[in-house]
S.K.: 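My questions will all concern the structure given below.
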Amino acid sequence: LMIGFSEFGIGGENLPPVYIFTGNGNWTVAANWSNGTIPPATLPSGGQIIIDHIVGGICNLNITQTISTGASLTVNPGKNLFVPGNLIRN
């Protein structure tokens with residue numbers, strides 16, 4: 001079982017995607033995401049985005065992001081999400 005972005009687990013069952021922001025700076029920089037994968041513009045139901053940037057860092061949401069019903073966005077304690085534009089919750 002792969003922790004992070006795996007869409008398949010043990011036995012081949014589909015698992016919801018998990019995207020973890022671990023860097024510092026803009027959302028749209030692949031290097032800021034574990035496994036280098038930026039979440040899709042519309043996070044599907046069951047998907048998760050976790051903000052867990054480096055110490056002293058910030059996650060800058062520099063695009064429009066939609067969080068579908070049943071999906072989640074978590075900002076871990078002590079972490080920061082700067083939203084200068086649009087964050088849409090469906």
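Atoms considered below: every heavy atom in the structure, side chains included; atoms not considered: hydrogens, waters and symmetry mates.
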S.K.: Do you know which two heavy atoms are closest between W27 and I51, and how far apart they sit?
M.R.: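 Minimum heavy-atom separation between W27 and I51: CZ3-CD1, 3.9 Å.
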S.K.: State, to 0.1 Å, how close S45 and G70 come at their nearest heavy-atom pair, and which atoms those are.
M.R.: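 That would be OG-CA, 3.7 Å.
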S.K.: For residues V75 and I63: do they belong to one hydrophobic cluster (side chain heavy atoms under 4.5 Å, members Ile, Leu, Val, Met, Phe, Trp, Tyr)?
M.R.: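 Linked, V75 and I63 end up in one cluster.
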S.K.: Side chains of I49 and I67: closer than 4.5 Å at any heavy-atom pair?
M.R.: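 In short, these two side chains touch, coming nearer than 4.5 Å.
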S.K.: Under a 4.5 Å cut-off applied to non-hydrogen side-chain atoms, are I54 and T22 in contact?
M.R.: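 A side-chain contact under 4.5 Å is absent here.
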S.K.: Same cluster or not: are Y19 and L81 linked, directly or through other Ile, Leu, Val, Met, Phe, Trp or Tyr residues, by side-chain heavy atoms under 4.5 angstrom apart?
M.R.: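 Yes, Y19 and L81 fall within the same hydrophobic cluster.
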S.K.: Walk me through whether N80 and H53 qualify under side-chain contact (heavy atoms from CB on, under 4.5 Å).
M.R.: CA-CA 8 Å; N80 301 293; H53 57 69; 4.0 Å; yes
S.K.: Enter the distance from N24:CG to C59:SG here, rounded to the nearest 0.5 Å.
M.R.: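 Here the rounded value is 9.5 Å.
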S.K.: Could you pull out the closest heavy-atom pair between F82 and N60, with the gap in Å?
M.R.: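 Answer, listing the atom of F82 first, then N60: CD2-OD1, 3.0 Å.
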S.K.: side-chain contact (heavy atoms from CB on, under 4.5 Å) with S68: which residues, sequence neighbours excluded?
M.R.: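 S68 satisfies side-chain contact (heavy atoms from CB on, under 4.5 Å) with T42 only.
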S.K.: Could you grab the distance from atom CD1 of I20 to atom OG1 of T74, nearest 0.5 Å is fine?
M.R.: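 Answer for the CD1-OG1 pair, I20 versus T74, is 10.5 Å.
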S.K.: Might you point out which heavy atoms bring P44 and P17 nearest each other, and give the distance in Å?
M.R.: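 Closest approach of P44 to P17, heavy atoms only: CG-CG, 4.3 Å.
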S.K.: Hey, are the side chains of L43 and Q65 touching, using non-hydrogen atoms and a 4.5 Å cut-off?
M.R.: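 Yes, at least one pair of side-chain atoms sits under 4.5 Å.
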S.K.: State the OG1-CG distance between T66 and L73, to the nearest 0.5 angstrom.
M.R.: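 One gets 12.0 Å once the value is rounded to the nearest 0.5 Å.
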S.K.: Following the transitive rule for hydrophobic clusters with a side-chain heavy-atom cut-off under 4.5 Å over Ile, Leu, Val, Met, Phe, Trp and Tyr, establish whether L87 and V29 coincide in one cluster.
M.R.: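 No.
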S.K.: Between the main-chain N or O of Q48 and the side-chain N or O of S72, is there a donor-acceptor pair closer than 3.5 Å?
M.R.: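 Pair absent, no side-chain N/O of S72 close to backbone of Q48.
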S.K.: Nearest heavy-atom pair of T28 and I38: which atoms, and what distance?
M.R.: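 Taking every non-hydrogen atom into account, O-CD1, 3.2 Å.
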S.K.: Over all heavy atoms of both residues, which pair between D52 and K79 is shortest? Give the atoms and the distance, please.
M.R.: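 Residues D52 and K79, closest heavy atoms: OD1-CE, 3.1 Å.
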